[in-house]
2 protein chains.
Amino acid sequence: MTQIFKIDHTNCEDCPIRHRAVCANCDVHELELLEGIKYYRSFEAGQTIIWSGDQMNFVGSVVSGIASLTQTMEDGRTQMVGLLLPSDFVGRPGRDSAPYDVVATTDIVMCCFRKKPFEELMGATPHIAHRLLQMTLDELDAAREWMLVLGRKTAREKIASLLSIIARRDASIGQNGSSSPIVFDLPLTREAMADYLGLTLETVSRQISALKKDEIILLEGKRRVSVPDMGRLMEEAGDDSDGGYLV
Amino acid sequence: MTQIFKIDHTNCEDCPIRHRAVCANCDVHELELLEGIKYYRSFEAGQTIIWSGDQMNFVGSVVSGIASLTQTMEDGRTQMVGLLLPSDFVGRPGRDSAPYDVVATTDIVMCCFRKKPFEELMGATPHIAHRLLQMTLDELDAAREWMLVLGRKTAREKIASLLSIIARRDASIGQNGSSSPIVFDLPLTREAMADYLGLTLETVSRQISALKKDEIILLEGKRRVSVPDMGRLMEEAGDDSDGGYLV
DNA sequence: CGCGAGTTTGACCTGCCTCAACTAAAGTGG
DNA sequence: CCACTTTAGTTGAGGCAGGTCAAACTCGCG
């Protein structure tokens, strides 16, 4: 329950997510307005940020760390329905209660706004509303892509899909071409991965071992993954958009 | 490929989806603007309305009929990622190419707008942008609820979930209390149901037979379903939000 | 050192898939 | 009007991917 306030007061201009979050399109004036109503909150890994069904009285952006959206059935089966990375938005303007739990997967810092003032501000500044629509449409696409993963992919493909996704944005791709190996740390436990992929943690573990044996990935400890050939990993994922650089 | 134009020109005021579609919040003036750029298109059951990857040069609302959003892997595995019912919106302002196929499941009529003029109009009329955000947030919630179905539910629960969803809005619930039986027609073939649920059509067929044998549902022919006790069906779905009326 | 959280691995089991045969209803055309 | 095909759905038999249960291993930490 302890909340740690690591960030005292950061100027929006210097904010690491300035150009990707809801505020991305804001001009200097709009930024001032936001700056007036924002406040930071920190959560420790494992803490629940919002409980499903609870009243939500704030919205906000993930500044650093990772959170997950989780749905749970009465008998305890759980399904992660989204992964929130820095710059992702939490909460629903115009909606009172949360439809799922939001849990801090790692230590996390959020830039929050009380819902009411934010909604008012949104009415006044179309830039924010517009950006939020864009972000929501992106999330919808991501959710639908994940439906294909959950509904039709094999366990091995599921693991490969998750690794590709994490690799794609966690390791800053782009500067290096195709061949140089990509290295990153898994931000999720095996259990969390299982919850995301609709598998059991045993199956996750087995498939990771299998991918390692087949040298699709290399492991350093339990969490550090390196991918010698991104193309092969994406083939395993069944995505096979031909990587772009294979053509 | 034949397109049938059934609707010559319908006044927006008389439109059956007037109060649920993107235009729901529009005032008379805004409605006039929309009326100026709208046009109707009809598609026969089975026609593909938009191909994945294609340039989208229009957006629009489903007026009548049902369409489905479908993703396909190279080896042919397919997953339906959304069901579009009357008043649902198709297309992405600010996005060029479609991320998935949109297929007419039944004969369907759409109210379309060329994308460019619509986007301009959206910039000028916040009501539309706001409504679109609300609808997109709703779709996102629906997609995430479906992720739980795909990732964690058994075949029987999946079928029950699908039937509940169709029952909930297809048969106009609300006027009748809990006990009077709900009757509706399945708008989907067994195969389409399988694609939606991440199952095979054989499993769908078997589970429907099983639900019938257990008298959770009754069948009249292959498509007409009646649900004697909605509460029991929802229990089978594992949703068990206790139906609301059980409390 | 001993504990516990996270992970791996093994052995067995089962729910769903696969393949295949069959039925029902609805055209189609001679 | 009846054989023939087509399309949608049902049902059965058998196999396998992934779940379940259980044991052991690793590693950081008090």
Side-chain angles (χ1 to χ4, degrees), chain A residues 44-47 68 73 75-79 103 105-107 149-163 185-214 217-225 236 238, chain B residues 44-47 68 73 75-79 105-106 149-163 185-214 217-225 236 238:
Chain A
E44 285 178 6
Q47 268 190 286
S68 61
M73 296 171 68
D75 61 8
R77 281 177 283 175
T78 73
Q79 175 66 50
V103 182
T105 295
T106 65
D107 288 352
V149 172
L150 291 174
R152 291 303 185 192
K153 292 195 177 178
T154 64
R156 170 181 264 243
E157 289 170 333
K158 284 179 175 183
I159 297 288
S161 298
L162 179 57
L163 294 178
D185 279 314
L186 285 173
L188 302 173
T189 65
R190 300 290 186 262
E191 188 178 17
M193 294 172 71
D195 284 344
Y196 200 15
L197 295 166
L199 298 170
T200 59
L201 85 185
E202 294 96 328
T203 299
V204 169
S205 183
R206 273 186 252 273
Q207 296 299 336
I208 288 182
S209 299
L211 288 175
K212 178 182 162 193
K213 187 161 68 68
D214 298 345
I217 60 172
L218 307 174
L219 287 184
E220 232 180 280
K222 308 290 184 192
R223 293 296 189 87
R224 172 146 297 209
V225 178
E236 292 290 345
Chain B
E44 287 178 4
Q47 269 190 285
S68 60
M73 296 171 67
D75 62 7
R77 280 176 284 174
T78 72
Q79 174 66 51
T105 294
T106 64
V149 173
L150 291 174
R152 291 303 185 192
K153 291 195 177 179
T154 65
R156 171 180 263 244
E157 288 169 334
K158 284 179 174 182
I159 297 288
S161 298
L162 179 57
L163 294 178
D185 280 314
L186 286 173
L188 302 173
T189 65
R190 300 290 186 262
E191 188 179 17
M193 293 172 71
D195 284 344
Y196 201 16
L197 295 167
L199 297 171
T200 58
L201 84 184
E202 293 95 328
T203 300
V204 169
S205 183
R206 273 184 253 274
Q207 295 299 335
I208 288 182
S209 299
L211 288 175
K212 178 181 163 193
K213 187 161 66 70
D214 298 344
I217 59 171
L218 307 175
L219 289 183
E220 232 180 282
K222 307 293 184 191
R223 294 294 192 87
R224 171 145 299 208
V225 178
E236 292 290 346

Inset, instruction - Have a look at the helix from C/dC1-D/dG30 to C/dG30-D/dC1 and give the angle its two end axes make, five pairs each, rounded to 10 degrees. - result: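 About 20°, once rounded to a multiple of 10°.
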Inset, instruction - Measure across A/Thr203 and A/Ala155 and return the closest heavy-atom pair with its distance rounded to 0.1 Å. - result: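 Result for this residue pair: CG2-CB, 3.7 Å.
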Can you tell me the distance, in whole Å, between the [atom1] atom of [X] and the [atom2] atom of [N]?
{"X": "A/Leu201", "N": "C/dA5", "atom1": "CG", "atom2": "P", "answer": "14 Å"}
{"X": "B/Leu219", "N": "D/dG9", "atom1": "CG", "atom2": "C1'", "answer": "11 Å"}
{"X": "B/Arg77", "N": "C/dC17", "atom1": "CZ", "atom2": "P", "answer": "13 Å"}
{"X": "A/Arg190", "N": "D/dC25", "atom1": "CZ", "atom2": "C1'", "answer": "14 Å"}
{"X": "A/Lys158", "N": "D/dA17", "atom1": "NZ", "atom2": "P", "answer": "14 Å"}
{"X": "A/Lys213", "N": "C/dT8", "atom1": "NZ", "atom2": "C1'", "answer": "15 Å"}
{"X": "A/Met193", "N": "C/dT8", "atom1": "CE", "atom2": "C1'", "answer": "14 Å"}
{"X": "A/Leu150", "N": "D/dA17", "atom1": "CG", "atom2": "P", "answer": "20 Å"}

Distances for protein N/O vs nucleotides 26-30 of chain D N/O pairs under 3.5 angstrom?
none

Legend entry - Whether over 12 other heavy atoms sit under 6.0 Å from A/Glu202 CD: yes
Backbone N or O of [Y] within a donor-acceptor pair of the [X] side chain at under 3.5 Å?
{"X": "B/Gln79", "Y": "B/Asp195", "answer": "yes"}
{"X": "B/Ser209", "Y": "B/Ser205", "answer": "yes"}
{"X": "B/Arg152", "Y": "A/Leu199", "answer": "yes"}
{"X": "B/Glu157", "Y": "B/Glu236", "answer": "no"}

Find the distance between [atom1] ([X]) and [atom2] ([Y]) and round it off to the nearest 0.5 Å.
{"X": "A/Leu188", "Y": "A/Ser68", "atom1": "CG", "atom2": "OG", "answer": "7.5 Å"}
{"X": "B/Leu197", "Y": "B/Leu162", "atom1": "CG", "atom2": "CG", "answer": "5.0 Å"}
{"X": "A/Thr200", "Y": "A/Arg206", "atom1": "OG1", "atom2": "CZ", "answer": "7.0 Å"}
{"X": "A/Lys213", "Y": "A/Gln207", "atom1": "NZ", "atom2": "CD", "answer": "10.5 Å"}
{"X": "A/Arg190", "Y": "A/Leu201", "atom1": "CZ", "atom2": "CG", "answer": "9.5 Å"}

Heteroatom pairs (N/O) under 3.5 angstrom, protein to nucleotides 18-20 of chain D:
from	atom 1	to	atom 2	distance (Å)
D/dG18	OP1	A/Ala155	N	2.8
D/dG19	OP2	A/Thr200	N	3.4
D/dG19	OP2	A/Thr200	OG1	3.2
D/dG19	OP2	A/Thr203	OG1	2.5
D/dT20	O4	A/Arg206	NH2	2.8

Inset, instruction - Looking at every strand, decide which applies to B/Thr189 at a 4.0 Å heavy-atom threshold: base, sugar-phosphate, or nothing. - result: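 Sugar-phosphate, backbone atoms only, no base.
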